[in-house]
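Below, chain A is the first sequence line, B the second, and so on; all start at residue 1.
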Amino acid sequence: MQWYTTGANGKAGARIRAAAGARFPRSTAREFSMSDAVVTRFAPSPTGFLHIGGARTALFNWLYARRFGGKMLLRIEDTDRERSTDAAISAIIDGMRWLGLDWEGEPIYQFARAARHAEAAHQMLAEGKAYKCFATQQELEAMREAARAEKRPPRYDGRWRDRSPQDVAAAEAAGLKPVVRLKAPQEGETVVEDRVQGRVVFPNKDLDDIVLLRSDGNPTYMLAVVVDDHDMGVTHVIRGDDHLTNAARQTHIYQAMGWRVPVMAHIPLIHGSDGAKLSKRHGALGVDAYRALGYLPAALRNYLVRLGWSAGDKEMFSTQEMIDAFDLPQIGRSPARFDFAKLENLNGHYMRASSDKDLLAALLDTLPHLEKGAALAAKLDDSMRAKLLAAMPGLKERAKTLVELLDGARFLYEERPLPLEPKAAETLANGGRAHLAALLPRLAALPEWTAAAAEAVVRAYSEETGAKLGSVAQPLRAALTGRTTSPGIFDVLQVLGRDESLARLKDQADA
RNA sequence: GCGACCUUCGUCUAUCGGUUAGGACGGCUGCCUUUCACGCAGCAAAGAGGGGUUCGACUCCCCUAGGUCGCGCCA
């Protein structure tokens, strides 16, 4: 057994970290030996999109299952009928697919299992491990009020815990609808052996008799989770540490049902850059937002895995490397702050490491999700694809996101006459046009249109006239791209091709 | 209010009693250079505070402070 109740002689709240080499509670190690296949689950409630914290939780569950040859299940916790939506369900599923996190079998819908949850509650009722409570909302509210006034923790006072069958019968005869409450231990303490948090001890007096079944007969989250995790054969519960106290309460349910408690791993939540709870402003966006921001799934995975988890100094992890290195002991216990700058840096690495072909595919696939993607989508044909591919080496090292990549590629699909950015216009106005006019015939005379050939001509011109290369290259850039920054200008000439290049140069030389 | 958890450079982290406290992002210098990037080289930057234990503490214990989470017939 992993949980047990001791006399109230232990120090409340004490957490003893397992010594090195014995980090896993012995009992756990024995119960989940190598012969037990690991089963993890990701259990989001579909009341909103898949946010970044949820995505990391899913990733950790997925990695752990992969690492130990097990499987991850997906359970949609839709018991809150008011707030659960189909849109949220598809957003979650879509988000996981995009992130490359798959799960075993069909998603399990918790609400569909309500009858089974109720059955468990009735079993506990029959065995005297739970009881009917007829306290009204008003009474409960009064209890909380009183507790607050006396500066006591708000707690159910157990007024129906030991009522006589007659009292219960009378209340039922009066037409009152009871909730079913767990008869939780009141003495001693409950221990959660957590693989991340260590051994966490809760005095039972602080954990009250939780509601199992609502007065309408529907199960509560607390019951549903335990019954589902048990029935689904979940061996490892990896979730946010906001559930840590729930783990103690849920332990009581496992205890009452006589079920084995799964291995618990409560991972710290992700905070915003100011240390406060993650809000939209901080990056608590749905994963779809990260897609729209132009991040690559592999980069986001890499970023997320290093948030709260580490393997020495290693920063970059391929998916396989992550799987091979991932384990619970290396998860830290302090909350991490979300940092867009690092994500962006990582994304840049992944973009540069991608083959031109793959990156083009990623860009094209993401186009529908990018704010300004339509402009390129409208121009997309084989010739445009070829240009994008040819320009990719120069483009990708100048972009940290697909959004920047798209922006950098704009000169490829913009129509003549090109709009000029102010600085580009300035470059042309300050003597740039003269260089263009001089260069135009030389370029036009080129027998073959390549970057190298163009470079030779421009360099020769620069030497002959004594003009610095930069003072010639910048006007070219301005005329060809409308900007003052771009990939190498000779590559631009080559990618654009002879006709388009000469036309753009002429546009500006004549202006 | 009660309880739990957390606290190493600005950020993510390494360290598992003995290190000039390491790496990465970001910042700053410089190199490269047709622009911007990329790349390369270098610099600055940390153990919340206070007590213990110990020959020795970032590391173990206690207290304080700050932060986060939880305390629903929400999940």
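- Checked against the 6.0 Å centroid threshold, A:Phe340 and A:Tyr303 do not count as a close aromatic pair.
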Output one line per pair: protein atom, nucleotide atom from nucleotides 40-47 of chain B, and distance, for all N/O pairs under 3.5 Å.
none

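- For A:Arg433, the side-chain hydrogen bond (donor to acceptor under 3.5 Å, both in side chains) partners at least two apart in sequence or on another chain are A:Gln508.
- Annotation: proximity of residues 463-474 of chain A to RNA chain B (heavy atom, distance under 4.0 Å) is found for A:Leu469, A:Gly470, A:Ala473, A:Gln474, numbered in ascending order.
- Across all strands shown, the partner of B:U11 is B:A24, judged by Watson-Crick or G-U wobble contacts whose two distances both fall under 3.5 Å.
- Salt bridge annotation for A:Lys205-A:Asp208: absent, with no cationic side-chain nitrogen under 4.0 angstrom from a carboxylate oxygen.
- Across all strands, A:Phe490 comes closer than 4.0 Å to base atoms (heavy-atom distances).
- Using a 4.0 Å cut-off on heavy atoms, the residues of residues 75-88 of chain A that approach RNA chain B are A:Glu77, A:Thr79, A:Asp80, A:Arg83, listed by number.
- Pairing of B:G39, defined by two Watson-Crick or G-U wobble distances under 3.5 Å, is identified with B:C31.
- Under 3.5 Å, the side chain of A:Arg337 and the base of B:U11 form no donor-acceptor pair of N or O atoms.
- No hydrogens or angles were tested; on distance alone, nothing pairs the side chain of A:Arg352 with the base of B:C38 as donor and acceptor under 3.5 Å.
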Protein-proximity profile, nucleotides 20-29 of chain B, B/S/- by nucleotide at the 4.0 Å heavy-atom cutoff, equals --BBBSS---
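- Spacing between atom CZ of A:Arg199 and atom C1' of B:A4 amounts to 15 Å, rounded to whole angstrom units.
- Side-chain polar atoms of A:Gln110 and A:Arg113 form no donor-acceptor pair below 3.5 angstrom.
- Applying the side-chain hydrogen bond (donor to acceptor under 3.5 Å, both in side chains) test to A:Glu426 and every residue at least two apart in sequence or in another chain returns nothing.
- Within 4.0 Å (heavy atoms only), A:Ser486 reaches at least one base atom of the nucleic acid.
- If you measure from atom CZ of A:Arg56 to atom C1' of B:C12, you get 11 Å, rounded to the nearest angstrom.
- Under the Watson-Crick or G-U wobble criterion, with both distances below 3.5 Å, B:A45 has no partner in any strand shown.
- Residues satisfying the side-chain hydrogen bond (donor to acceptor under 3.5 Å, both in side chains) criterion with A:Asp209, sequence neighbours excluded, are A:Tyr131, A:Arg161.
- Map A:Gly332 and A:Arg459 each onto its nearest nucleotide of RNA chain B; the residue landing nearer the 5' end is A:Gly332.
- Residue pairs meeting the salt bridge (Lys or Arg N to Asp or Glu O under 4.0 Å) criterion with at least one partner in residues 41-51 of chain A, sequence neighbours excluded, are A:Arg41-A:Asp229.
- In this structure, A:Gly488 reaches the bases: a heavy-atom distance under 4.0 Å links it to at least one base atom across the strands shown.
- With A:Phe317 as the partner, the ring pair (Phe, Tyr, Trp, His ring centres under 6.0 Å) test is satisfied by one option alone out of A:Phe326, A:Trp309, A:Tyr350: A:Trp309.
- Taking atom CZ on A:Arg483 and atom P on B:A37, their separation rounds to 14 Å, with Å as the unit.
- Applying the ring-ring contact (aromatic ring centres under 6.0 Å, His included) criterion to A:Tyr295, with sequence neighbours excluded, gives no partner residue.
- B:U54: no Watson-Crick or G-U partner with both key distances under 3.5 Å is found in any strand.
- Applying the side-chain contact (heavy atoms from CB on, under 4.5 Å) test to A:Pro475 and every residue at least two apart in sequence or in another chain returns A:Thr427, A:Leu428, A:Leu436.
- Residue pairs meeting the salt bridge (Lys or Arg N to Asp or Glu O under 4.0 Å) criterion with at least one partner in residues 451-468 of chain A, sequence neighbours excluded, are A:Arg442-A:Glu464, A:Glu455-A:Arg459.
- Put simply, CG on A:Asn302 is 14 Å from C1' on B:U13, counting in whole angstrom units.
- Backbone-only contact: A:Ser45 has heavy atoms under 4.0 Å from sugar-phosphate atoms and none from a base.
- Residues A:His117 and A:Asn218 have side chains that never bring a donor and an acceptor to within less than 3.5 angstrom of each other.
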Sugar-phosphate or base contact per nucleotide [nucleotides 67-73 of chain B; S, B, -; heavy atom under 4.0 Å]: SSSSBSB
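- Among the protein residues, A:Pro268 comes within range of no part of the nucleic acid, since none of its heavy atoms lies under 4.0 Å from any strand.
- Between the CE atom of A:Met392 and the P atom of B:C38 there is a distance of 18 Å, rounded to whole Å.
- Across all strands shown, B:C5 pairs with B:G67; the Watson-Crick or G-U wobble distances both stay below 3.5 Å.
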